[in-house]
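Here the structure is laid out as structure tokens; the discussion comes afterwards.
Throughout, a chain's letter reflects where its sequence line sits, starting with A, and its residues are numbered from 1. Here the structure is a predicted model, which is why all the values come from computation and not from measurement.
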Amino acid sequence: MSIANIKTEILSAMEAACKTVFGQRPQNLNLNYPPKVEFGDFAVGCFPLAKQFRQNPANIAQSIAAEIQPNESIQNVTAVGPYVNFKLHSSLLFGDVCTEIRKKKAFDNNNLGNGRRVMVEYLSPNTNKPLHLGHIRNGVLGMGVSNLLEAAGHTVIKANLVNDRGVHICKSMLAWSKWANGDTPESTDTKGDHFVGEWYVRYNQEAKKSPQLQEEVQAMLRKWESGDPATIKLWEMMNQWVYSGYEETYRRLGFAFDVFYYESNTYTLGKDLVQIGLHKGVFNEAASGAVIAPLPTDEFGAEKDGSQKVVTLLRNDGTSVYITQDLGTAKLKFDDHQPDRSIYVVATEQNYHFQCLFKLLNMLDFEWADGCYHLSYGMVNLPEGKMKSREGTVVDADDLIEEMRQLAEDEIRRRDTENTLSHEEIQKRALAIGLAAIKFYLLRTRPELDINFDPKESISFDGFTGPYCQYAYARCASILRKSKNRGLASIEPDYSLLGNTEELELLRVLIQFPDVVAEAAGEFTLARICNHVFAIAQAVNQFYHRHPVLAAEPATLVAARLALVSASAVVIRNSLALLGIEALEEM
RNA sequence: GCGCCCGUAGCUCAGUUGGAUAGAGCAACUGACUUCUAAUCAGUAGGUCGCGGGUUCGAAUCCUGCCGGGCGUGCCA
């Protein structure tokens, strides 16, 4: 029997008991998990029934529990306070869970999304500087949400909207053409994005001394917009340097995209939508000549003087602004890929922008506007305050990865006392562990919270971390490897021999996995996955510590514990995969 | 001023569609490696859930008023 069937059976038993006792079907029953293994495997709270039948929930629980008879699945039913707790025959539950997980390589979760299409836009960097820690937070969130939705049966289209034009880009271009003397990433042996970033910093240094540089930058932007061949050529060359650098960083971090949009192609979009809005009468022309959209007071409040809030869509010279372009891009995305949902992974400082954007799409009567969602995440702060790329107070993505990789490598070498590991193996593990530490650290808290990142204290490998979860997996893998040489494959597991506290705890967290994935996918909360995979890893480590697997007696118990270990390994590996973290066979 | 977000142990955070004794990790202290990997495990200690009211059989969770912090707040992106 599958876990889903077991749950259905419990709810049916509840229903039948309600009919017998109260003569009515129960409403709104939810299957939950008791807080402690001693209470049982599943629980149903009787609070909705208390309302429905106007009785004390504890009394209801009592009479229902007395009504449900044990059978081949249910071992016993007890009322504890307002809860009806179900204890199942452990041989059945362990057997079903282990078999189901191993057969399907995890639980079956892919019916939730029903094939709905979701576009996830994330990262969207500016091509004038390298990626920093804030981008990593964005990227792991974007990849994580994509993985999660895919695992839940959605078709996901991952998009990167590259901000490849504008004054900021011209700044590095101007600095390079003035002072670089033809240096290139190759000639200086510098990663392309870092190379360009250095010229961006140089510009900002020089601009402090020579304010007239600002005018030169504006002039360069005008030349770019008029299509001046030399300017375009310079722009293409420097962007190419940045892209080659980015690609390396993406590869290391496991960021992938199905589609790239470039702002140089999209920045003129949206003007036609402004015309539609004017025609509909939802936008209008201000006295200054700019085109504006009034925002409904009930949702946006009013200005200080009590007047209605507005957003500008076209400047009084007729040129478009950021939100105009985003209107156009939103429609372009829909026309290109027909997503049912369009998720924007963008920092929290743009909350108001997206609130406006989605409202404007709604005012334009796009029926897909309701599917737009801003997945907003907080800033990453340093001990000295906000990260500012102009002032160089950023944690560079490549530097951080290298630093964490190095710390992991030190740790690996410290425990490899016999020098048995190859250089390649050490490098592979060190990178995987370092990345696990970073990604888990960034995903384990709710996205809307700001993160204070202290480079000195760095990110830990102990406790509630990615490496801890990897370690639990490696222990499982190690046991499974060793079991292969011992001719255990033919032995039939006796699941009735399982049932100690640690085994029950492990079973408990494994059973909950599909529900956790479903909830996490519904709310886009990777932190739930972090919490849960950590709970499983904890249960594995506790079990590992107290109960031998390979040395257990009799062999049928060995087989049963092996099945449990194998199932745990599958769920940990799958959970880590959702987080973009590699499960290592050895650590 | 207004809008959104946040405030839980010394620190970082879970828990928020109201429900079982508010949970982890780090740091501190004590203990466990001849044993399937000690990146581990067991234990001790640590809480007016920012403050005050309210709703409820029941509030960290909902409502309300304060206090503190963050991010925004029409022709930047």
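- Considering only side-chain atoms of A/Met587, the nucleotide from B/U37, B/A14, B/U21 that sits closest is B/U37.
- Checking B/C75, B/C5, B/G7 against every side-chain atom of A/Arg315, the shortest atom distance belongs to B/C75.
- In this structure, A/Phe39 forms an aromatic stack with the base of B/A20, since both conditions hold: centre separation below 5.5 Å and plane angle below 30°.
- With both ends at atom P, the span from B/G50 to B/G15 equals 15 Å, rounded to whole Å.
- Partner of A/Glu425 under the side chain to side chain donor-acceptor pair (under 3.5 Å) criterion, chosen from A/Lys428, A/Gln427, A/Arg429: A/Arg429.
- When heavy atoms are screened at a 4.0 angstrom cut-off, A/Leu449 is found touching the sugar-phosphate backbone but no base atom.
- Base contact: A/Asn85 has a heavy atom under 4.0 Å from a base atom.
- Look at A/Gln542 and you'll find a side-chain N or O under 4.0 angstrom from OP1 or OP2 of B/A42.
- Proximity of A/Arg415 to the phosphate of B/U37: no side-chain N or O atom is located under 4.0 Å from OP1 or OP2.
- When the P atom is compared between B/A42 and B/U48, the two are found 27 Å apart, to the nearest whole Å.
- No engagement by A/Gln470 is indicated, since no non-hydrogen atom pair under 4.0 Å with the nucleic acid exists.
- Nucleotides B/A20 and B/C36 are separated by 42 Å at their P atoms, to the nearest Å.
- Proximity of the aromatic rings of A/Trp235 and A/Tyr262 is defined here by a centroid distance below 6.0 angstrom, and this criterion is not met.
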How far apart are the C-alpha atoms of A/Gln218 and A/Val167, what are their side-chain angles, what is the distance that settles it, and do they pass the side-chain contact (heavy atoms from CB on, under 4.5 Å) test? CA-CA 7 Å; A/Gln218 289 299 337; A/Val167 264; 3.4 Å; yes
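- Separating the P atom of B/U44 from that of B/C49 is a span of 23 Å, rounded to the nearest Å.
- Between the C1' atom of B/G15 and the CD atom of A/Glu523 lies a distance of 13 Å, rounded to the nearest Å.
- As a whole-Å value, the separation of A/Glu349 CD from B/G70 C1' is 11 Å.
- Set against B/A20, B/A14, B/A39, the side chain of A/Ile433 has B/A39 as its closest nucleotide.
- As rounded to the nearest Å, B/A45 and B/A59 have C1' atoms that lie 28 Å from one another.
- For A/Ile479, counting side-chain heavy atoms from C-beta on, the closest listed nucleotide (B/U21, B/C36, B/U40) is B/C36.
- Ion pair A/Arg414/A/Glu411 flagged as a salt bridge, since at least one NZ, NE, NH1 or NH2 atom sits closer than 4.0 Å to an Asp/Glu carboxylate oxygen.
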Starting from the C-alpha separation in whole Å, work towards a yes-or-no answer on side-chain hydrogen bond (donor to acceptor under 3.5 Å, both in side chains) for A/Thr127 and A/Asn239. CA-CA 6 Å; A/Thr127 60; A/Asn239 271 347; 2.8 Å; yes
Could you go over nucleotides 43-45 of chain B and give all protein N or O partners under 3.5 Å, atom names and distances?
none

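- Side-chain contact between A/Cys372 and A/Leu361: present, with at least one pair of heavy atoms (C-beta onward) separated by less than 4.5 Å.
- Ring centers of A/Tyr344 and A/Phe358: under 6.0 Å apart, within the cut-off.
- The C1' atoms of B/G74 and B/U16 are separated by 35 Å, rounded to the nearest whole Å.
- Residue A/Thr445 has its side chain nearest to B/A14 when only B/A14, B/C36, B/G25 are considered.
- An OP1 or OP2 oxygen of B/G70 is reached within less than 4.0 angstrom by no side-chain nitrogen or oxygen of A/Tyr377.
- For A/Arg475 and B/A38, the shortest distance from a side-chain N or O to OP1 or OP2 is below 4.0 Å.
- In the set B/A24, B/U37, B/C75, B/C75 carries the atom at the smallest distance from any side-chain atom of A/Ser288.
- What you find for A/Cys356 and A/Phe300 is that their closest heavy atoms are SG-CE2, 3.9 Å.
- Using atom C1' as the reference point in both B/C13 and B/C6, the two lie 13 Å apart (nearest Å).
- The listed nucleotides are B/U37, B/A20, B/G15; the one nearest the side chain of A/Pro35 is B/A20.
- Proximity note for A/Tyr544 (side chain, C-beta onward) versus B/C5, B/G25, B/A38: the nearest is B/A38.
- In this structure, A/Phe440 has its ring center no closer than 6.0 Å to that of A/Tyr468.
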With both pairing distances under 3.5 angstrom for Watson-Crick or G-U wobble, and | for a partner in another strand, the correct string for RNA chain B is (((((((..((((.....[...)))).(((((.......))))).....(((((..]....))))))))))))....
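- A/Ile438 places a side-chain heavy atom less than 4.5 Å from the side chain of A/Ile459.
- Distances shown here put every side-chain N or O of A/Gln355 at or beyond 4.0 Å from the OP1 or OP2 atom of B/U73.
- Across all non-hydrogen atoms, the minimal contact from A/Ser460 to A/Ala437 is O-CB, 4.1 Å.
- Between B/G25, B/G72, B/C71, one nucleotide has an atom nearer to the side chain of A/Tyr352 than all others, and that is B/G72.
- In this structure, the nucleotide among B/C36, B/A77, B/A14 sitting nearest to the side chain of A/Tyr322 is B/A77.
- Comparing B/A14 with B/C26, their C1' atoms sit 14 Å apart, to the nearest whole Å.
- Across all strands shown, A/Asn541 has heavy atoms under 4.0 Å from sugar-phosphate atoms exclusively, and none from any base.
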